[in-house]
Amino acid sequence: MSPDQPTPALSLAEAKAQFINLWGVSGSSWGVSKTLAQTHALLLVSPQALSTEDIMEQLSISRGNASQTVRELIDWGLIYKELRPGERREYFVAEKDMLRVTQCIIASRKRRELDQMKRTLDQLAQLPGNDADPDYHAFHTALADIQQLADTSDKLLTRLMKAERNWFLDKFLKLFL
């Protein structure tokens, strides 16, 4: 095909596969496993709830990997179980509201990373010493600066987690537009 010919249109299945792959690759950059991000993407674009078996088949992953990934996505608040009367299988559906998805991700990352960092910084700041000692002074100055940034980040993230759609769109997006 020559460069001046239009690219053939993707089928819906091809577009979904590209999106799932893109989300998976991006997930690695965000600090989550490729499989976790791909499972989230698959459930995001699925019109109906999927079982563990459906996820295994569509992503070509093992049962253990699928089960662990589903549990982690539930812990993040990004997917939910859907109960079906008379069914033994569990089915899963993704949160489709992207503001809510963002808030779940922020809450989970804050809990797993920022809160732990703040606890450790608070413990380190209790180190006794002489402020006239240049090493001690430099250490405590750096800690104080990082603690201030961590506290400010904590307040901002807490506010974002509680944000309503109108506030988020009006205030937060103005930073980038």
Side-chain angles (χ1 to χ4, degrees), residues 1 6-121 123 150 153-169 172-173 175-176:
M1 180 182 301
T7 306
L10 292 175
S11 70
L12 179 57
E14 291 168 330
K16 282 183 176 182
Q18 264 190 2
F19 172 73
I20 291 166
N21 188 52
L22 170 69
W23 207 249
V25 170
S26 297
S28 298
S29 300
W30 303 328
V32 298
S33 75
K34 181 178 179 181
T35 303
L36 185 127
Q38 286 179 322
T39 303
H40 182 236
L42 173 63
L43 290 167
L44 269 177
V45 298
S46 295
Q48 73 279 344
L50 299 177
S51 68
T52 304
E53 289 76 14
D54 297 328
I55 294 167
M56 290 168 42
E57 179 183 320
Q58 292 188 42
L59 296 178
S60 300
I61 60 175
S62 70
R63 177 174 303 283
N65 196 354
S67 295
Q68 179 181 351
T69 299
V70 163
R71 278 193 307 274
E72 191 168 348
L73 286 167
I74 289 171
D75 289 346
W76 282 68
L78 297 173
I79 68 170
Y80 310 96
K81 285 184 185 180
E82 183 179 277
L83 301 177
R84 294 185 180 176
E87 285 276 346
R88 290 187 61 186
R89 286 185 178 180
E90 293 181 327
Y91 290 85
F92 306 96
V93 63
E95 172 62 60
K96 308 274 185 185
D97 179 332
M98 292 314 290
L99 175 59
R100 182 72 191 122
V101 167
T102 302
Q103 290 170 326
C104 288
I105 291 169
I106 288 170
S108 188
R109 300 293 298 255
K110 180 184 170 307
R111 183 180 67 250
R112 294 169 189 235
E113 297 165 30
L114 183 61
D115 291 349
Q116 175 60 41
M117 183 177 76
K118 286 182 61 178
R119 282 190 298 274
T120 301
L121 288 171
Q123 289 172 352
S153 298
D154 186 45
K155 288 175 188 169
L156 174 64
L157 293 174
T158 299
R159 195 156 179 202
L160 283 174
M161 288 184 304
K162 295 177 183 178
E164 294 181 21
R165 183 165 305 282
N166 292 341
W167 180 89
F168 182 79
L169 292 174
F172 187 69
L173 292 180
L175 295 172
F176 302 103

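On a predicted model such as this, the values are computed, not experimentally measured, just so you know.
Across all non-hydrogen atoms, the minimal contact from P47 to K16 is CD-NZ, 4.4 Å. The minimum heavy-atom distance linking G27 with A37 is given by the pair CA-CB, 3.8 Å. Heavy-atom minimum distance, E87 versus Y91: OE1-OH, 3.4 Å.
In this structure, the separation between CD1 on I79 and CD on E95 is 11.5 Å, given to the nearest 0.5 Å. Rounding to the nearest 0.5 angstrom, the gap separating the OG atom in S62 from the CD atom in Q68 is 9.0 Å. How far CG of L73 is from CG of L78: 6.0 Å, rounded to the nearest 0.5 Å. Put simply, CG on D54 and CG on L59 are 10.5 Å apart, with the number rounded to the nearest 0.5 Å. Residue E82 holds its CD atom at 11.5 Å from OG of S51, rounded to the nearest 0.5 Å. Atom OG of S29 sits about 11.5 Å away from atom NZ of K34, to the nearest 0.5 Å.
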Show which side-chain atoms of residues 106-121 pair as donor or acceptor with protein atoms under 3.5 Å away, not counting sequence neighbours.
from: S108; atom 1: OG; to: R112; atom 2: NE; distance (Å): 2.9
from: R109; atom 1: NE; to: E113; atom 2: OE2; distance (Å): 2.5
from: R109; atom 1: NH1; to: W30; atom 2: O; distance (Å): 2.4
from: R109; atom 1: NH2; to: W30; atom 2: O; distance (Å): 3.2
from: R109; atom 1: NH2; to: E113; atom 2: OE1; distance (Å): 3.4
from: R109; atom 1: NH2; to: E113; atom 2: OE2; distance (Å): 3.0
from: K110; atom 1: NZ; to: D115; atom 2: OD1; distance (Å): 2.9
from: K110; atom 1: NZ; to: D115; atom 2: OD2; distance (Å): 3.4
from: K110; atom 1: NZ; to: D154; atom 2: OD1; distance (Å): 2.8
from: Q116; atom 1: OE1; to: R119; atom 2: NH2; distance (Å): 3.0
from: Q116; atom 1: NE2; to: T120; atom 2: OG1; distance (Å): 3.2
from: K118; atom 1: NZ; to: D151; atom 2: OD1; distance (Å): 3.2
from: K118; atom 1: NZ; to: D154; atom 2: OD2; distance (Å): 3.2
from: T120; atom 1: OG1; to: Q116; atom 2: O; distance (Å): 3.1

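Shown are T35, L43, T69; of these, the side-chain contact (heavy atoms from CB on, under 4.5 Å) with I55 is made only by L43.
Using a 4.5 Å cut-off on side-chain heavy atoms (C-beta onward), H40 and L36 make no contact. Two residues are said to be in side-chain contact when any heavy atoms from C-beta on lie closer than 4.5 Å; F92 and K81 meet this criterion. Using a 4.5 Å heavy-atom cutoff, the side chains of Q58 and L50 are in contact. Using a 4.5 Å cut-off on side-chain heavy atoms (C-beta onward), V101 and M98 make contact.
The neighbour count for K96 NZ, taken as heavy atoms of other residues, nucleotides or ligands under 6.0 Å away, is above 12. Atom CD of E57 is surrounded by 12 or fewer heavy atoms from other residues, nucleotides or ligands within 6.0 Å.
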